Amino acid sequence: MPSHNADIAAIFEKIADLLEIEGANPFRIRAYRNAARIIGELSVEAYALMEKEEDLTGIPGIGRDLSAKIKEIVTTNRCSLLDRLRTELPPAVTELLKVPGLGPKRVRHLYHDLDVQTVEQLYCAARDGRIRALPGFGEKTELNILQAVEAHADQVSRFKLAVAAQYAEALRSYLVAAPGVMKVTVAGSYRRMRETVGDLDIVITAAEPRPVMQYFISYDEVAEILAAGGTRASVILTCGLQVDLRVVAEESYGAALHYFTGSKSHNIAVRYIAQKRGLKINEYGVYRDGARIAGESEESVYRAVGLSYIPPELRENRGEIVLARAKRLPQLVELGDLRGDLHAHTKATDGHNTLREMALAAKRHGWEYLAITDHSRQLAVARGLDPLRLARQCEEIDALNEELEGIILLKGIEVDILEDGSLDLPDHVLAKLDLVVGAVHSKFELSRARQTERILRAMQHPNFTILAHPGGRLIQQRPPCDIDMARVIREAGRRGCFLELNAQPERLDLLDTYCQMAREEGVLVSVNSDAHSTFDFDNLRFGIGQARRGWLEKKNILNTRSLGELQILINRTMERPARLRHRDEQNNHDSLAPRAR
DNA sequence: GCCGTTTTCGGCCCGACTGTTTTCAGTCG
C-alpha cells in the first residue's frame with residue numbers, strides 16, 4: 001500500500017522538528033513545515049497524482065527536492081533523509097518540543113549536555129535541579145519546565161469549535177464591560193471557524209490598555225496566568241482553554257485583527273507581498289518608510305497591498321491570495337441564504353421533539369421547508385422506522401402540511417447503507433418519499449476498496465438523494481472511514497446525487513477540502529443540521545462556517561434553493577398539499593414539473 | 001528548500017514577553 005498524504009505530512013513534520021533541533025537553516029525547516037501542511041491538506045492523494053504521471057512540482061511549495069522525497073516515500077514507505085537524521089538524534093527528542101517553553105535551542109542543550117531524550121527524563125532532570133546549571137537556563141526556567149510537564153499530563157489539546165464557542169461568548173460578554181473598552185473580537189482559528197480551536201485570541205481596542213489587562217486577568221474562570229504585560233496577556237481558563245488577549249489603539253484595530261486572525265501561513269504570505277511593495281505590516285498598521293498608511297480596518301490592510309478583502313474562513317493560504325489579487329474571490333454562502341434543512345429527526349426515533357414542534361421551530365428560522373428524515377429499522381438503538389411506521393409518519397406529515405402555514409415538511413428517511421451497499425428499506429417504500437438520505441452507521445472499518453464500493457452502489461439506487469455525513473468521522477473520537485472520496489464525488493455528479501455537510505459540531509463532515517472538490521466537480525452540497533431537537537438547528541452556523549472554509553457559494557448549496565427549485569433538483573414528484581397545488585395551478589408554474597433523470 | 005512583475009542567486013514576516021543577562025536570546029503567536 002503506498003503512503004497516504006497524511007503519512008508524507010507526518011514524515012515532513014518529523015524532519016522539520018529534527019532539523020530544527022540540529023540548528024539547520026530556518027528557511028529549509030519552514031519549507032518542510034509548509035510542505036507538510038500543503039500535502040496534508042491536498043484533496044487528492046499524492047500517489048494518485050504520481051500514477052497519472054502528473055508533475056508534483058506544480059503544487060506550490062513543492063520543488064524538485066521535495067517532489068523527489070514524496071516519490072521516495074510513496075514508493076518505498078521510507079525517507080532516507082529522515083533515516084539519516086534518526087542516526088544523529090533520537091527521534092523521541094522531538095516530543096520535548098511540545099513542552100511549552102522549550103524550543104529547539106533548549107532541547108538541543110538538554111540532549112547534548114544532560115542526555116535528556118524523553119519528557120520523563122526531562123521531568124527527573126528538572127526535579128533533581130540539574131537543569132538550572134545549563135547555560136541560558138535558570139531556576140525560574142527549571143520551575144516552569146516542571147510545572148509545564150505536570151500540566152501537560154492531563155492537557156486537552158484542542159477544543160471542538162462549538163465547545164470553544166461557549167467559553168468564547170461568555171468571556172466576550174465579560175470583556176465588553178471592561179473599563180474604557182471599545183471593540184472586543186475573538187480572532188484566531190475561532191474566527192476562521194476551524195473545526196477545532198487550540199486557544200482563543202482576543203483583540204480589544206481601548207484608550208488605556210492597563211485597566212483592561214487587570215480586568216481580564218481577574219476573570220472568574222482564570223485558573224493560571226501565563227504572561228501579563230502592558231498590552232498582551234495569556235491565561236489558562238479552568239476548562240483548560242488558553243486565552244491570549246491583546247489590547248491595541250482604535251487606529252490599529254484592523255491590523256491587529258488581521259494579525260491575530262491568521263492563519264500564520266496566510267499572514268506570512270500577505271506580509272511578504274507588502275515587503276515586495278516596500279511596505280511593512282505589523283499588528284499596528286501598514287507602514288511606508290515609517291509612516292502609517294493603513295490599519296484601522298482589515299479592508300484597509302488588504303487594500304494597501306492590492307488585495308480585495310478576504311473573509312476569515314478563507315485565510316489558510318490555499319490559493320485565496322491569488323484570487324484576491326485578481327478580485328475573483330468566491331462570494332461565500334451565508335447562514336441567511338438557507339431556505340430549509342434536509343436532515344432532521346423526531347421523537348419517532350432518537351429525536352426529542354414531535355413533528356409539529358420541529359416544523360414550528362423550522363418556521364421560526366424563516367425556512368420554507370424541513371425534511372423529516374428519521375432513522376431506518378437497521379438502527380435498532382435509535383428505534384429506526386420500519387415500512388409501517390414510516391407510512392404512518394408520512395400520513396402525519398400530510399396532515400400537518402395541510403394544517404400549517406408558512407412551512408412545508410418533506411417526507412424523507414435517513415436510511416442505513418448496509419454492508420453490501422444495499423439500502424435498509426424496500427424500493428417501493430423509498431420510491432414514495434420526497435427524498436432519501438443515505439448514511440453509513442456500521443462497519444466503519446471496511447477496507448478502502450470495499451467501503452468505496454459500498455457507497456458507490458448505494459448512490460446507484462434510483463431513489464438515492466443525499467449522502468449523509470460522508471466521511472463518518474467524529475471529531476477527536478472516531479477517525480473517518482477509508483473512502484476514495486474523489487470517486488464518490490465524481491459518482492455523485494454522474495448520478496445527480498448530493499453530498500451532505502453535516503453541521504453537528506462533532507461531525508462537521510464533509511471536510512472543507514472535499515467541499516472544494518465538490519465545488520470543482522459541480523456537485524451541490526446540502527448543509528444539514530441533522531437536528532435531534534429544535535435547539536440543534538442553531539448548529540447550522542457551524543456547518544455554514546465549514547462550507548465557507550470549503551469555498552462554497554450560495555449557488556453550490558442545495559438547500560439555498562426555493563422549494564420549487566429543490567423539487568426539480570431532487571427529481572421527486574412531491575405530493576404537494578392541496579392549498580399549494582391550487583396556488584401552483586393559478587401561477588401556472590411549468591418549471592415545477594419534475595424532470596426525467 | 002522554495003521561488004522569481006527587480007532576482008536562477010539571494011532573499012525568505014514581525015513584535016511582545018520572560019528570564020537571564022547586563023544588552024539580548026529564546027520562545028511564542
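Worth knowing before you read on, the calculation uses all heavy atoms, side chains too, and leaves out hydrogens, waters and symmetry mates. The shown structure was predicted, so the numbers you read here are calculated from the model rather than taken from an experiment. Within every chain, numbering begins at 1; the chains are lettered A, B, ... in the order of the sequence lines, protein sequences first and strands thereafter.
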* Asked: Mind checking the C1' distance from B/dT7 to B/dC12? Whole angstroms is fine.
  -> 13 Å

* Structure fact -> Walking DNA chain B from its 5' end, the first of A/Arg28 and A/Glu142 to be reached, judged by nearest nucleotide, is A/Arg28

* Asked: Between B/dG1, B/dG29, B/dT27, which nucleotide has the shortest distance from any of its atoms to the side chain of A/Tyr259?
  -> B/dG29

* Asked: So which one's nearest nucleotide on DNA chain B is more toward 5', A/Leu279 or A/Leu102?
  -> A/Leu279

* **Any A/Tyr287 side-chain nitrogen or oxygen under 4.0 Å from OP1 or OP2 of B/dG15** => no

* Asked: Counting just side-chain N and O atoms, does A/Gln242 come under 4.0 Å of either OP1 or OP2 of B/dC28?
  -> no

* Asked: Are A/Lys264 and B/dC28 close enough that a side-chain N or O sits under 4.0 Å from OP1 or OP2?
  -> no

* Report yes if some heavy atom in the side chain of A/Leu110 is under 4.5 Å from a heavy atom in the side chain of A/Phe137; otherwise report no. => yes

* Below 3.5 Å, does any donor atom in the side chain of A/Asn144 face an acceptor in the base of B/dG19, or the other way round? -> no

* Asked: Are A/Lys140 and B/dG19 close enough that a side-chain N or O sits under 4.0 Å from OP1 or OP2?
  -> yes

* Starting from C1' on B/dC2, measure out to CD1 on A/Ile70 and report it in whole angstrom. => 13 Å

* Does A/Ser234 place a side-chain N or O at less than 4.0 Å from the phosphate oxygens OP1/OP2 of B/dC17? -> no

* To do: Pick the P atom in B/dC13 and in B/dT18, then give their distance to the nearest Å.
  => 26 Å

* Salt bridge A/Glu95-A/Lys98, side-chain N to carboxylate O under 4.0 Å -> yes

* To do: May I ask you to verify if any side-chain N or O of A/Tyr32 is less than 4.0 angstrom from the OP1 or OP2 atom of B/dG1?
  => yes

* **Interatomic distance at C1', B/dT27 relative to B/dT20, whole Å** => 14 Å

* To do: Determine the interatomic distance between C1' on B/dT8 and the same-named atom on B/dC3; round to the nearest Å.
  => 9 Å

* salt_bridge(A/Glu250, A/Lys183) N-O dist < 4.0 Å -> yes

* **A/Ile268 CD1 to B/dC3 P, straight-line distance once rounded to whole Å** => 15 Å

* Give a yes or no on whether A/Arg78 atom CZ has more than 12 heavy-atom contacts from other residues, nucleotides or ligands under 6.0 Å away. => no

* Structure fact -> From CD of A/Glu20 across to C1' of B/dT27 the rounded distance in Å is 11 Å

* A/Phe27 CZ to B/dG10 P, straight-line distance once rounded to whole Å -> 15 Å

* To do: For the side chain of A/Tyr284, starting at C-beta, report the closest nucleotide among B/dC14, B/dG1, B/dG15.
  => B/dG15

* Give a yes/no on whether any side-chain N or O of A/Asn282 is located under 4.0 angstrom from OP1 or OP2 of B/dG15. => yes

* Nucleotide B/dC17, atom P - distance to CZ of A/Phe216 in whole Å -> 13 Å

* Scan A/Thr231 against the nucleic acid and name what it touches under 4.0 Å (heavy atoms): base, sugar-phosphate only, or nothing. => sugar-phosphate

* Identify whether the distance between the nearest side-chain nitrogen and carboxylate oxygen of A/Arg541 and A/Glu169 falls below 4.0 Å. => yes

* Go ahead and name the base partner of B/dT8; Watson-Crick or wobble counts if both distances stay under 3.5 Å, otherwise write none. => none

* To do: In plain terms, say whether A/Arg33 and A/Glu13 are close enough for a salt bridge, that is, a side-chain N and a carboxylate O under 4.0 Å apart.
  => yes

* How long is the line joining CD1 of A/Ile273 and C1' of B/dC12, in whole Å? -> 14 Å

* Sticking with atom C1', work out how far B/dG10 lies from B/dG15, rounded to a whole angstrom. => 25 Å

* Atom-to-atom span, OH of A/Tyr272 to C1' of B/dG10 - whole angstrom -> 10 Å

* Can you tell me how far C1' in B/dT6 sits from the matching atom in B/dG1, rounded to whole Å? -> 22 Å

* **Protein-nucleotide distance (A/Phe260, atom CZ; B/dG15, atom P), rounded to Å** => 12 Å

* To do: Compare side-chain N and O positions of A/Arg30 against OP1 and OP2 of B/dC13 and report whether any pair is under 4.0 Å apart.
  => yes

* Asked: Quick one: is A/Lys69 getting a side-chain N or O under 4.0 Å of the B/dG1 phosphate, OP1 or OP2?
  -> yes

* Base, sugar-phosphate, or nothing for A/Pro104, non-hydrogen atoms under 4.0 angstrom? -> sugar-phosphate

* Audit row: A/Tyr174, A/Phe216, ring-ring contact (aromatic ring centres under 6.0 Å, His included) steps and yes/no -> CA-CA 9 Å; A/Tyr174 171 78; A/Phe216 169 54; 8.3 Å; no

